[in-house]
Amino acid sequence: MAASLAAFPPAHCCSALQLNQRKVPPERIHGCFFTKRPFKQPEFSPSHVTCCSLRSVVTLSESKSQSTNDRDTEVRRLCEMGDLKSAMELLLDSRHSQLEMKTLCSILQLCADLKALPDGAKVHEIISASNILLDALLGLKLVFMYIKCGDLRNGRMVFDVIQKENIFLWNLVMNEYARIGEYNECISLFGQMLESGIEANSHTFSCILKCVAALGSARDGKKIHALVIKMRFDSYNAVENALITCYSKCKNISLAQVVFDKMLDRDVISWNSMIGGYVSNGLPEKGVHLLRQMWFSGVYMDLATLVTVLPACAQMCFLLQGRVLHGYAIKCVRGEEITLNNSLLSMYTKCQDLDSGVKIFSKMKKKSVVTWTAMISGYVEGGQFYKALRLFEVMEEEGVMPDLYAVTTALHACACSGSLEHGKQIHDYIIRNGLELHLFVANALMDMYAKCGSMVDAESVFNNMEEKDLVSWNTMIGGYSKNSLPNEALSLFSQMEDLKPNSVTVACALPACASLSTLEKGREIHGHILRNGLFSDCYVANALVDMYAKCGALVLARLLFDHIQMKDLVSWTVMIAGYGMHGQGRHAILLFNEMRKSGIEPDEVSFIAILYACSHSGLIDEGRRFFHIMRYDSKIEPKLEHYACMVDLLARAGRLTKAYQFIEKMPTQPDSTVWGALLCGCRIHRDVKLAEKVAEHVFELEPENTGYYILLANIYAEAEKWEAVKKLRERIGRQRLRKKPGCSWIELKDKVHVFFSGDRSHQQAKKILSFLERVNVRMKKEGYISNKRYALIDLDDSGKEEVLCGHSERLAIAFGILNLPSRKPIRVSKNLRVCGDCHEVAKFISKMVGREIILRDSNRFHQFIDGRCSCRGFW
DNA sequence: TACGACAGAC
């Protein structure tokens with residue numbers, strides 16, 4: 001594209017914007033607005049050509065017999081009447097006598113009008129066989145016929161061999177290339193045309209600007225703009241309007257606005273183009289504002305105006321304005337019903353007025369695939385996924401072929417409802433109809449599989465894609481992150497070579513860092529965010545604060561939080577939750593109150609965060625107060641998560657009976673998390689009897705979760721009820737359940753070192769165990785008795801000590817102490833809750849070596865400094 | 001012998 005444009009004659013004043021200080025054409029000065037043709041503009045004159053050809057016909061015909069002349073007249077008469085069949089018969093009869101050029105032109109014209117390609121080709125054949133000279137006019141007619149009949153290949157073949165002095169001929173061929181999407185070929189022809197000295201006209205510029213718009217390069221748009229001004233076509237509305245559209249499609253809305261502002265007599269298309277530019281560039285409010293200006297300037301809205309501005313109303317949920325436009329349409333706008341109804345239907349459903357959308361849909365006599373898609377999408381928007389998918393089936397039953405939009409919408413319905421099976425059926429349909437290679441379809445397929453939890457299927461689509469865009473990568477990275485596959489997410493993120501991560505990419509990758517607690521990788525992404533100015537994106541800023549909080553860098557998280565200019569509810573919630581998981585309940589409460597003062601109302605998620613923070617800091621009264629505020633001030637009906645937090649709060653504080661009664665009074669059926677919270681409390685306060693009662697509820701609700709069996713086993717072990725432990729282990733064995741192996745990890749330079757319980761495979765295993773042995777000796781010397789209860793296995797004491805010594809978190813901490821520089825804190829993460837004995841050991845080590853240890857377990861953070869832990873026993 | 005605006009999707 002750039003190469004072909006570089007071949008254009010130089011536009012002497014380089015910048016299109018500078019050039020736009022145009023001269024007023026003389027006809028305007030004289031007050032005549034009817035002719036807008038710039039002076040010196042060579043235009044093709046039909047009358048001139050007719051005269052020439054008539055003259056040549058006369059010369060050619062002089063020697064012909066009277067009968068040929070009659071036949072010519074007859075063929076032309078038949079052509080005028082539209083009787084192609086008879087005209088062709090007569091033409092074939094006259095095979096051996098040459099017909100007049102004018103007659104051949106008439107018949108080709110009729111073939112073009114009737115799109116009769118075989119007849120047209122036959123005429124071409126006769127012309128070739130009769131050795132008639134293919135002059136400019138006959139050549140043009142042939143090209144015209146072929147193109148009108150949709151045979152560009154043959155049209156181009158004729159075009160290549162004939163004289164090309166006629167601008168109409170060039171425009172004809174170029175327009176066809178633009179129509180079928182061969183924009184580069186069209187632009188290349190434009191270059192050839194200028195080189196051969198043919199001057200472009202307004203139609204040429206409309207066509208070229210359309211191609212530049214489709215290719216999306218504002219730079220090329222400016223080059224053409226400069227040429228438009230140089231050749232004085234900047235007073236043509238069609239060209240100016242095409243320029244507005246071109247700049248808007250190239251995402252340079254300010255240049256589009258410059259063109260629009262300088263126009264002297266804007267027509268309805270100029271207004272529509274500018275409104276459409278705003279809407280498609282994500283500026284719907286400007287679009288609606290311009291509509292008002294258009295109205296006050298006295299230009300009447302037409303069908304295209306409504307179809308352009310209704311999506312803007314939809315985007316901004318301007319239902320009232322949408323209704324007003326609907327009323328106007330009924331009264332004043334005539335035109336194709338289907339297009340307008342599609343826009344209205346979409347507007348209503350996007351403005352949450354599904355009923356009005358359904359009403360329009362059911363009243364529509366003629367429906368296109370767009371109509372069906374808009375209605376399916378409306379149901380998805382309204383959360384009625386089943387109806388959406390059923391409508392997709394009905395559409396097929398009615399014989400409407402789904403297109404790209406329809407299948408992506410149906411896939412979206414599957415994604416939102418988690419219907420993997422339905423999604424797979426649509427995938428089959430897509431394959432059967434050869435749509436799977438389309439970028440948007442493949443992206444929608446991956447999104448569907450990711451949201452339905454099948455990353456294996458998503459991967460298979462991703463790996464088979466011929467072309468991938470940023471959305472494809474973001475969908476996969478986000479899919480891995482949300483499906484608890486953070487390693488895969490970060491691995492894919494690091495494979496992005498050709499494409500530059502955008503704000504969505506980093507917002508998808510950061511939760512993976514948060515989940516793995518990989519602070520170094522998170523910092524690296526933070527660097528990318530700063531270098532590319534992505535922090536202003538609220539999603540990015542929130543994900544960054546969350547990442548730092550979850551990687552144990554709470555101070556840094558707060559620092560960044562304070563730097564967010566426009567804090568939204570998520571920003572506050574993330575920070576409150578951060579304080580909560582670090583056991584800083586008081587800070588969480590301060591922030592929660594500050595948020596409300598700033599005018600942001602908490603939602604159910606922020607209440608979970610504050611209740612969690614209270615329970616992890618032992619703030620019972622405060623927790624109860626927030627629960628009350630949520631129900632009675634904020635009028636939010638508590639969900640299971642809120643109840644679980646309240647049970648946790650009461651149980652941790654030792655009010656086990658109260659917690660039990662609280663569960664019994666719940667208006668909804670408690671789930672395993674609610675009972676599980678009480679079970680944890682039973683462990684902390686060593687209530688074996690209640691634990692057994694509670695555990696049965698938990699086992700019934702979630703029989704596959706080994707974590708709860710282990711929890712009860714812990715409770716028995718701590719009470720030294722070894723017989724009960726044995727029975728429970730037998731039960732686990734009978735049910736063929738496997739304990740999730742404990743694992744901890746620590747980052748060192750660019751590598752994450754993973755340790756499993758009893759793991760001796762690490763290359764530094766010897767060094768680590770010897771360090772832990774030294775710790776053990778020191779601890780014993782200082783009167784520490786190892787808390788063998790936590791080993792959970794009924795062995796003799798020395799055996800238990802060995803098992804304790806091999807707990808994964810302990811190995812990771814030892815590895816950190818031995819390898820990290822002394823000023824750096826030791827950051828370890830564990831997939832399960834920290835073992836009680838390891839918790840004691842971590843406290844001891846922090847004092848013994850004078851290092852800060854930050855341990856994140858599956859529940860919260862423990863920050864060990866100088867022999868103390870930030871959790872103060874609330875874990 | 002034509003040109004410019006317009007609905008639904010990840």
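Every chain is numbered from 1 and lettered A, B, ... according to where its sequence line falls, protein lines coming before strand lines.
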message: Ring centres within less than 5.5 Å and planes less than 30° apart: is that true of A:Tyr405 and B:dG8 in this structure?
response: yes

query: Rounded to the nearest Å, what distance is computed from the CH2 atom of residue A:Trp473 to the C1' atom of nucleotide B:dC10?
result: 17 Å

task: Rounded to the nearest angstrom, tell me the gap between atom NZ in A:Lys451 and atom C1' in B:dC10.
output: 8 Å

message: Pairing donors with acceptors under 3.5 angstrom, does anything connect the side chains of A:Ser270 and A:Asn272?
response: no

task: Look at all strands and tell whether A:Asp302 reaches a base, only sugar-phosphate, or nothing, counting heavy atoms closer than 4.0 Å.
output: base

message: What contact category does A:Val268 fall into here, base, sugar-phosphate, or nothing, at under 4.0 angstrom with non-hydrogen atoms?
response: nothing

message: Strictly below 4.0 Å: does A:Lys210 bring a side-chain N or O up to OP1 or OP2 of B:dG4?
response: yes

Member of A:Leu169, A:Ile167, A:Asn166 meeting the side-chain contact (heavy atoms from CB on, under 4.5 Å) criterion with A:Ile198: A:Ile167

message: Mind checking if A:Ser343 touches a base, just sugar-phosphate, or nothing, with heavy atoms under 4.0 Å?
response: sugar-phosphate

query: Side chain of A:Ile269: nearest nucleotide among B:dA2, B:dA7, B:dG4?
result: B:dG4

field: Point-to-point distance, once rounded to the nearest 0.5 Å, from CG of A:Leu142 to CG of A:Leu108
entry: 5.0 Å

- prompt: Between B:dA9, B:dA2, B:dC10, which nucleotide has the shortest distance from any of its atoms to the side chain of A:Asn443?
  reply: B:dC10

- line: Taking B:dG4, B:dA7, B:dC6 as options, the one with an atom nearest any side-chain atom of A:Ser206 is B:dG4

- request: Starting at atom CD of A:Glu436, determine the distance to atom P of B:dA9, rounded to an integer number of angstrom.
  value: 22 Å

task: Go through B:dG8, B:dC6, B:dG4 for me and flag the one nearest to the A:Thr308 side chain.
output: B:dC6

field: Of the listed nucleotides B:dA5, B:dG4, B:dC6, the one nearest the side chain of A:Asn237
entry: B:dG4

- prompt: Is there a donor on the side chain of A:Asn175 or the base of B:dA2 sitting less than 3.5 Å from an acceptor on the other?
  reply: no

task: Please tell me if the side chains of A:Thr505 and A:Ile477 come closer than 4.5 Å, counting only heavy atoms from C-beta onward.
output: yes

message: So A:Asp447, base contact, sugar-phosphate only, or nothing? Heavy-atom distance under 4.0 Å.
response: sugar-phosphate

- prompt: Once you round it to whole Å, what is the distance between P of B:dG8 and CZ of A:Phe392?
  reply: 18 Å

query: A:His412 side chain N/O closer than 4.0 Å to the phosphate oxygens (OP1, OP2) of B:dC10?
result: yes

- prompt: So does A:Lys424 pair up with A:Asp457, basic N to acidic O under 4.0 Å?
  reply: yes

task: Tell me what A:Asp403 touches on the nucleic acid: a base, only sugar-phosphate, or nothing, going by heavy atoms under 4.0 Å.
output: base

query: Which part of the nucleic acid, if any, lies within contact of A:Thr475, taking any heavy atom under 4.0 Å across all strands shown: a base, the sugar-phosphate backbone alone, or nothing?
result: nothing

query: A:Met301 has an atom CE; how far is it from atom P of B:dC6, in whole Å?
result: 17 Å

- request: Kindly point out which of B:dC3, B:dG4, B:dG8 is positioned nearest to the side chain of A:Ser202?
  value: B:dC3

- request: Give me the ring orientation class for A:Phe168 and A:Phe144: parallel if the planes are under 30° apart, tilted from 30 to 60°, perpendicular past 60°.
  value: tilted

Between P of B:dC3 and CD1 of A:Ile208, the distance in whole Å: 15 Å

- request: Mind calculating the distance between OH (A:Tyr247) and C1' (B:dG4) to the nearest angstrom?
  value: 16 Å

message: Categorize A:Lys350 for me: base, sugar-phosphate, or nothing, with a 4.0 angstrom heavy-atom threshold over every strand shown.
response: sugar-phosphate

query: Whole Å only: how far is the NZ atom of A:Lys468 from the C1' atom of B:dC10?
result: 16 Å

- request: Could you work out which one of B:dG4, B:dC6, B:dG8 sits closest to the side chain of A:Ala304?
  value: B:dC6

